[in-house]
Structures are given as structure tokens and as C-alpha cells.
Protein chains: 2
Amino acid sequence: MEDNAFKRDCRKNIRAVHDAMDVLSGKWKVSIIAVLCYSSQQRFSEILSNVEGISNKMLSKELKELESDKLVKRTVLSTQPVTVSYELTPYGKSLKDVIMHLARWGTEHRQEIIAG
Amino acid sequence: MEDNAFKRDCRKNIRAVHDAMDVLSGKWKVSIIAVLCYSSQQRFSEILSNVEGISNKMLSKELKELESDKLVKRTVLSTQPVTVSYELTPYGKSLKDVIMHLARWGTEHRQEIIAG
DNA sequence: CCGGATCCCGTCTGATACTG
DNA sequence: CAGTATCAGACGGGATCCGG
């Protein structure tokens with residue numbers, strides 16, 4: 001591989017990684033997406049109990065950001081009382097592969113992570 | 001797939017994802033790791049120029065955290081003046097696969113990311 | 001050259017309480 | 001049920017100057 005081609009590719013990929021993190025940074029976003037990967041169409045309170053440790057305030061905020069990034073679709077159901085359901089958009093679903101790799105890495109290296 | 005097995009697996013994976021993000025959260029960490037993936041043994045100033053937009057303070061801080069998480073190895077070279085080189089540990093290198101998937105996703109979805 | 005130390009302000013986040 | 005409001009402390013991150 002030539003050095004210039006390498007460096008061009010390198011910078012391009014680093015920018016790509018940074019772009020991706022722009023959307024995924026945030027303490028809970030990846031967890032929320034992971035939860036929605038495992039079961040689509042979840043209500044607010046379901047997500048709240050599935051993401052251990054998150055507060056309703058944070059969940060509300062991060063869901064709003066994910067929605068405005070077009071990763072998540074919010075649907076209000078006219079029930080009594082009102083319920084709201086969240087699901088991944090096709091765009092959001094495209095993250096499934098990345099999330100799975102993250103999960104695998106986290107599983108394989110749990111010991112090292114905790115030890116650190 | 002049975003529902004209980006599914007849910008057990010689900011929670012386990014969500015925890016794994018959260019664990020992984022514990023180590024990777026931070027505005028620049030993934031970018032730094034990506035940079036080190038593409039060329040091992042880089043000096044502080046090299047990383048500084050390869051990660052666009054980062055300040056020396058942030059680089060210093062995040063490198064320190066990555067080091068204490070055992071993802072990065074720091075080596076002081078007794079040159080004049082002193083130079084310091086950073087490289088990924090084998091543990092850090094195990095993230096290469098994840099980073100590559102992130103880069104691919106970021107490349108494929110650059111338009112959507114920027115549009116949002 | 002490789003950072004460390006300090007100042008400083010804005011953002012993030014948890015706890016708690018409240019509303020339609 | 002699905003959020004919003006408010007307060008207060010923690011944290012992030014830029015600028016700048018300093019030391020080995």
C-alpha cells in the first residue's frame with residue numbers, strides 16, 4: 001500500500017468514525033438503540049425498565065435526540081391514557097451490525113473492563 | 001427462540017454494550033484508537049495532528065484514561081529532547097474490528113448524519 | 001517536545017417533584 | 001403513562017501559561 005493512499009484512507013476513516021460518534025455519543029444512546037434492536041415497538045416505560053440505571057429525564061432527552069437524528073421513530077397511540085411507542089427507523093436498524101460487534105467485544109472483555 | 005432465553009440474552013448483551021461504552025465514551029477516544037489502528041507507534045504531536053480538532057489538554061487526558069484502561073501503552077524514549085510514543089496494547093487492538101465497522105457505518109451514512 | 005496546572009464557563013446529569 | 005420543571009453539583013473542554 002502506498003503511503004499517500006494509506007494516509008488519505010486513514011484520514012477518511014477517522015473522519016467517518018468521528019461522524020459516527022457524533023450520533024452515538026451520549027451516555028445511554030447505544031444502550032437505548034441496543035434495547036430497541038432486541039424488541040421493536042417499545043413504550044417509554046418499557047425502555048425505562050430495560051435500560052438499567054437510566055432516569056426518565058435522561059431517557060426523554062436522549063430519545064428526543066435520537067428522534068431528531070432520524071434513528072428512532074416516535075408514535076403516539078390514542079389510547080386512554082395515552083401511550084407512546086418507539087421503534088428504530090430503517091436507518092437506525094442499520095446500526096444493528098455495529099451494536100452486535102460492540103456487544104460481542106463487551107462480552108469477551110468484560111473482565112478486563114471491570115478490572116480497569 | 002424462547003422468550004425467556006431471548007430476554008436473558010437481551011439483558012446480557014445490553015449490559016455488554018454498556019460496559020463497552022464505559023471504556024469508549026469520551027468525545028475523542030474512539031478517534032484516537034482509530035488513529036492508532038492505522039499506524040502504531042505514534043508520538044504525541046503526531047496524534048495531535050492526526051485527530052482533527054482535539055486540543056493538547058484533551059489528548060493528554062484521554063490518552064491517560066486509555067492507558068489506565070490498558071488499551072494504550074505509553075513509552076518514553078530517552079532522546080534529546082524527550083519523545084513519547086503511544087501504541088495499542090493487544091487488548092486495544094481487539095477493538096480494531098469494532099472500529100472498522102463504525103468507520104464503515106460512518107462512511108455509508110455520512111449524508112444522513114450531516115443532514116440530521 | 002511533551003505535556004502539567006490553572007482559570008473559567010457552559011453543559012450534563014441525578015434527585016425529586018409535579019402535570020395532562 | 002409519558003413526560004416536564006427545577007435545583008445543584010459534577011464534568012467537559014477551551015485558552016493560556018508554565019516546566020523539564
Side-chain angles (χ1 to χ4, degrees), chain A residues 14 17-33 35-36 39-69 71-88 116, chain B residues 14 17-19 21-36 39-69 71-88 116:
Chain A
I14 289 161
V17 169
H18 196 263
D19 289 345
M21 292 313 286
D22 250 25
V23 173
L24 298 180
S25 75
K27 197 174 175 183
W28 304 99
K29 281 194 187 155
V30 186
S31 296
I32 294 170
I33 296 170
V35 165
L36 288 173
S39 163
S40 51
Q41 290 281 130
Q42 292 183 62
R43 284 175 298 118
F44 187 88
S45 53
E46 286 179 306
I47 304 176
L48 194 61
S49 68
N50 283 331
V51 180
E52 294 175 43
I54 196 172
S55 68
N56 59 350
K57 175 184 164 182
M58 277 302 106
L59 180 55
S60 170
K61 187 197 138 209
E62 307 245 282
L63 277 173
K64 214 176 289 180
E65 289 175 18
L66 290 172
E67 193 193 353
S68 87
D69 283 338
L71 291 170
V72 162
K73 179 159 163 270
R74 180 177 183 271
T75 313
V76 180
L77 307 171
S78 323
T79 51
Q80 184 57 275
V82 170
T83 57
V84 183
S85 96
Y86 294 89
E87 63 185 314
L88 293 176
Chain B
I14 288 162
V17 169
H18 196 262
D19 289 346
M21 291 313 287
D22 250 24
V23 173
L24 299 179
S25 74
K27 195 173 177 184
W28 305 101
K29 282 196 187 151
V30 185
S31 297
I32 295 171
I33 297 169
V35 164
L36 288 172
S39 163
S40 52
Q41 288 283 128
Q42 293 183 62
R43 284 177 298 117
F44 187 87
S45 51
E46 287 180 307
I47 305 178
L48 196 61
S49 67
N50 283 332
V51 180
E52 296 175 42
I54 196 172
S55 68
N56 61 347
K57 174 185 166 184
M58 275 303 106
L59 180 56
S60 169
K61 186 194 139 210
E62 306 245 284
L63 277 173
K64 210 177 292 178
E65 288 175 20
L66 290 171
E67 194 192 355
S68 87
D69 283 339
L71 291 170
V72 162
K73 178 157 163 271
R74 179 178 185 271
T75 313
V76 180
L77 307 172
S78 323
T79 52
Q80 185 56 277
V82 171
T83 56
V84 184
S85 93
Y86 294 90
E87 63 185 314
L88 293 176

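Labels below follow one simple rule: chain letters A, B, ... track the order of the sequence lines, proteins then strands, and each chain is numbered from 1. Values reported hereafter were calculated over all heavy atoms of this structure, with side chains retained and with hydrogens, waters and symmetry mates removed.
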Next on the checklist: Going by the rule salt bridge (Lys or Arg N to Asp or Glu O under 4.0 Å), which residues pair with B:E46 if we only count those two or more places apart in sequence or in a different chain?
Outcome noted: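 Scan of B:E46 (salt bridge (Lys or Arg N to Asp or Glu O under 4.0 Å), adjacent residues dropped) gives none.
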Checklist entry - Partners of B:D19 by salt bridge (Lys or Arg N to Asp or Glu O under 4.0 Å), sequence neighbours excluded? => result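 With sequence neighbours excluded, B:D19 shows a salt bridge (Lys or Arg N to Asp or Glu O under 4.0 Å) to A:R110, given in chain and number order.
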Checklist entry - Which heavy atom in B:T79 sits nearest to a heavy atom in B:P81, and how many Å separate them? => result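 Closest heavy-atom pair between B:T79 and B:P81: OG1-O, 2.9 Å.
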Item to check | Smallest separation among heavy atoms of A:L36 and A:V72, with atom names | outcome: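 Residues A:L36 and A:V72, closest heavy atoms: CD1-CG2, 3.9 Å.
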In Å, rounded to the nearest 0.5 Å, how long is the span from [atom1] of [X] to [atom2] of [Y]?
{"X": "A:Q41", "Y": "A:T75", "atom1": "CD", "atom2": "OG1", "answer": "6.0 Å"}
{"X": "B:K64", "Y": "B:D69", "atom1": "NZ", "atom2": "CG", "answer": "13.5 Å"}
{"X": "A:I32", "Y": "A:L63", "atom1": "CD1", "atom2": "CG", "answer": "5.0 Å"}
{"X": "A:N56", "Y": "A:L48", "atom1": "CG", "atom2": "CG", "answer": "6.0 Å"}

Which whole-number value in Å describes the distance from [X] [atom1] to [N] [atom2]?
{"X": "B:K27", "N": "C:dG10", "atom1": "NZ", "atom2": "P", "answer": "16 Å"}
{"X": "A:L48", "N": "D:dC1", "atom1": "CG", "atom2": "C1'", "answer": "11 Å"}
{"X": "A:I54", "N": "C:dG14", "atom1": "CD1", "atom2": "P", "answer": "8 Å"}
{"X": "A:E46", "N": "D:dG3", "atom1": "CD", "atom2": "C1'", "answer": "16 Å"}

Considering just the side-chain nitrogens and oxygens of [X], establish if one lies under 4.0 Å of OP1 or OP2 belonging to [N].
{"X": "B:R74", "N": "C:dG3", "answer": "yes"}
{"X": "A:R43", "N": "D:dG3", "answer": "no"}
{"X": "A:Y86", "N": "D:dG3", "answer": "yes"}

Next on the checklist: Five pairs per end, C1' atoms only: what is the angle between the end axes of the helix from C:dC1-D:dG20 to C:dG20-D:dC1, to 10 degrees?
Outcome noted: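 That helix gives 50° between its end axes.
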Next on the checklist: Using side-chain heavy atoms (C-beta onward) and a distance below 4.5 Å, is B:V23 in contact with B:L71?
Outcome noted: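 The answer is yes, as the side chains (C-beta and beyond) meet within the 4.5 Å cut-off.
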Item to check | Any donor-acceptor pair under 3.5 Å from B:Q42 side chain to B:V35 backbone | outcome: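 Between the backbone of B:V35 and the side chain of B:Q42 there is a qualifying donor-acceptor contact (under 3.5 Å).
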Checklist entry - Starting at the 5' end of DNA chain D, which residue's closest nucleotide do you reach first, A:F44 or B:W28? => result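 Nearest nucleotide further toward 5': that of A:F44.
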Next on the checklist: Return a single string for nucleotides 15-20 of chain C, one symbol per nucleotide in 5' to 3' order, where B is base contact, S is sugar-phosphate-only contact and - is none, cutoff 4.0 angstrom on heavy atoms.
Outcome noted: B-B---
Checklist entry - Which residue pairs pass the salt bridge (charged side-chain N to carboxylate O under 4.0 Å, His left out) test when at least one of the two sits in residues 72-88 of chain B, sequence neighbours left out? => result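 Qualifying pairs: B:K73-B:E87.
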Next on the checklist: I need the residues from residues 58-66 of chain B with at least one non-hydrogen atom less than 4.0 Å from DNA chain C; give them sorted by number, or say none.
Outcome noted: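 The stretch gives B:S60, B:K64 as the residues lying under 4.0 Å from the strand, ordered by number.
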